[in-house]
Asks: 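Below is a structure I'd like to ask you about.
The structure presented is a predicted model; accordingly, all values stated were derived computationally and were not measured. The chain is numbered in sequence order, starting from 1.
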Amino acid sequence: MAVAWGLVVVVTSTVCWGGQVWSWFAPSSAARAGLADAEDDVDTTFWLDARGEALWDLCTLWVMPVAGVLLVAGHDGWPYFGLVGGGAYLYFAGRGIAVRLIMRRHDVRIGNPSSVRVGLIALALWGSIALITIGTAIASLEPT
C-alpha cells in the first residue's frame, strides 16, 4: 500500500510542481497548455500574484515529490519529507482556493468559469493528498 500511495504522491505532486516550474519559466507556453492563465484573460493583479506564486512554488514544492520517491523506495526518511511537503502542499491548496474565491466574490477577473472550476478541483485534490500524506507520515513515525 505504501508503494501505491508513494506513486500517487510522486505523480500528482510532480504535475503540480512541474506546472509551477513551467509557469515561471515559460508563462505563455504554460497558458497554451492549460497550466496557467493567459495574461490577457485575467486581471493584472491576479496574473502577477500567480507569477510570484509560481516562483515561490518552484523553490518549495519539490519536497513532496521527493517524499513520494522515498516512500516508494522504502526509505526511513520519507515521513519527514512527507510532513514538510504535505504542509507546503496544504498551504498551497488552501491559499489558492481562498484567493480564487475571494477575488471572484469581488469581481476580479480570475479566468473563465471552466478554468477556475478545474483549478479549484485540482487545488482541492492536492490539499486532500497533502492531508493524507501528513496523516500517513505521522502514523509511520515510531513513538519515542
Side-chain angles (χ1 to χ4, degrees), residues 1-75 77-141:
M1 186 60 129
V3 171
W5 184 251
L7 291 172
V8 167
V9 170
V10 169
V11 170
T12 58
S13 62
T14 300
V15 167
C16 179
W17 178 73
Q20 291 295 71
V21 170
W22 188 354
S23 179
W24 171 251
F25 287 109
S28 297
S29 173
R32 285 192 299 279
L35 297 173
D37 294 299
E39 187 173 3
D40 294 338
D41 293 343
V42 296
D43 185 84
T44 301
T45 301
F46 183 75
W47 192 82
L48 292 171
D49 180 70
R51 306 297 311 125
E53 182 179 55
L55 174 59
W56 185 247
D57 292 345
L58 79 88
C59 296
T60 60
L61 295 184
W62 61 269
V63 179
M64 190 74 142
V66 170
V69 168
L70 293 174
L71 180 56
V72 169
H75 192 281
W78 93 263
Y80 305 104
F81 282 85
L83 289 169
V84 173
Y89 273 70
L90 186 58
Y91 175 81
F92 167 77
R95 180 192 181 281
I97 290 169
V99 164
R100 281 156 183 79
L101 293 177
I102 290 169
M103 285 190 174
R104 184 172 65 182
R105 185 176 305 132
H106 289 277
D107 296 324
V108 175
R109 286 184 320 121
I110 60 169
N112 69 56
S114 174
S115 70
V116 172
R117 186 171 37 260
V118 169
L120 289 171
I121 290 168
L123 288 165
L125 173 68
W126 286 315
S128 298
I129 290 169
L131 285 171
I132 294 168
T133 301
I134 290 168
T136 304
I138 290 170
S140 72
L141 291 172

Asks: Please report the shortest heavy-atom distance between I110 and V42, naming the atom on each side.
Replies: C-CG1, 3.4 Å
Asks: If you round to the nearest 0.5 Å, how far is CG of L71 from CZ of F81?
Replies: 13.0 Å
Asks: Minimum heavy-atom separation for V15 and W126, please, with both atom names.
Replies: CG1-CZ2, 4.4 Å
Asks: If we only count heavy atoms from C-beta on, is the F92 to E53 side-chain gap below 4.5 Å?
Replies: yes
Asks: What pairs meet the salt bridge (charged side-chain N to carboxylate O under 4.0 Å, His left out) rule with one or both residues in residues 60-69, with sequence neighbours excluded?
Replies: none
Asks: Side-chain contact test, heavy atoms from C-beta onward, threshold under 4.5 Å: evaluate it for T45 versus V108 and give yes or no.
Replies: no
Asks: Can you check whether D37 reaches S115 side chain to side chain, under 4.5 Å on heavy atoms?
Replies: yes
Asks: Could you please spell out the steps behind the side-chain contact (heavy atoms from CB on, under 4.5 Å) verdict for W56 and W24?
Replies: CA-CA 9 Å; W56 185 247; W24 171 251; over 6 Å; no
Asks: From T44 OG1 over to D49 CG, what is the distance, rounded to the nearest 0.5 angstrom?
Replies: 12.5 Å
Asks: May I have the step-by-step check of side-chain contact (heavy atoms from CB on, under 4.5 Å) for I121 and L125, ending in yes or no?
Replies: CA-CA 6 Å; I121 290 168; L125 173 68; 5.5 Å; no
Asks: To the nearest 0.5 Å, what is the distance between OG1 (T12) and CG (L7)?
Replies: 10.5 Å
Asks: Closest approach of P79 and L141, non-hydrogen atoms and distance?
Replies: CB-CD2, 3.6 Å
Asks: Just how far is it from atom SG of C16 to atom CG of L35, taken to the nearest 0.5 Å?
Replies: 10.5 Å
Asks: Can you name the closest pair of heavy atoms from A54 and S23 and give their distance?
Replies: CB-OG, 4.1 Å
Asks: As an exercise, state the distance from OG1 of T136 to CD1 of I129, rounded to the nearest 0.5 Å.
Replies: 11.5 Å
Asks: Could you measure the distance from the CG atom of D43 to the NE2 atom of H106? Nearest 0.5 Å is fine.
Replies: 13.0 Å
Asks: With no hydrogens and no angle check, is any side-chain donor or acceptor of R117 less than 3.5 Å from a backbone partner on N112?
Replies: no
Asks: Quick one, P27 and E39 - any side-chain contact, counting heavy atoms below 4.5 Å?
Replies: no
Asks: Search all heavy atoms of L120 against all heavy atoms of R104 and return the closest pair with its distance.
Replies: CD1-NH1, 4.2 Å
Asks: How about W47 and D40: do any of their side-chain heavy atoms sit closer than 4.5 Å?
Replies: no
Asks: For residues Y89 and L61, report the shortest heavy-atom separation together with the two atoms involved.
Replies: OH-O, 3.2 Å
Asks: Is any side-chain heavy atom of Y91 closer than 4.5 Å to one of T60?
Replies: no
Asks: May I ask you to decide if G96's main-chain N or O and R100's side chain share a donor-acceptor pair within less than 3.5 Å?
Replies: yes
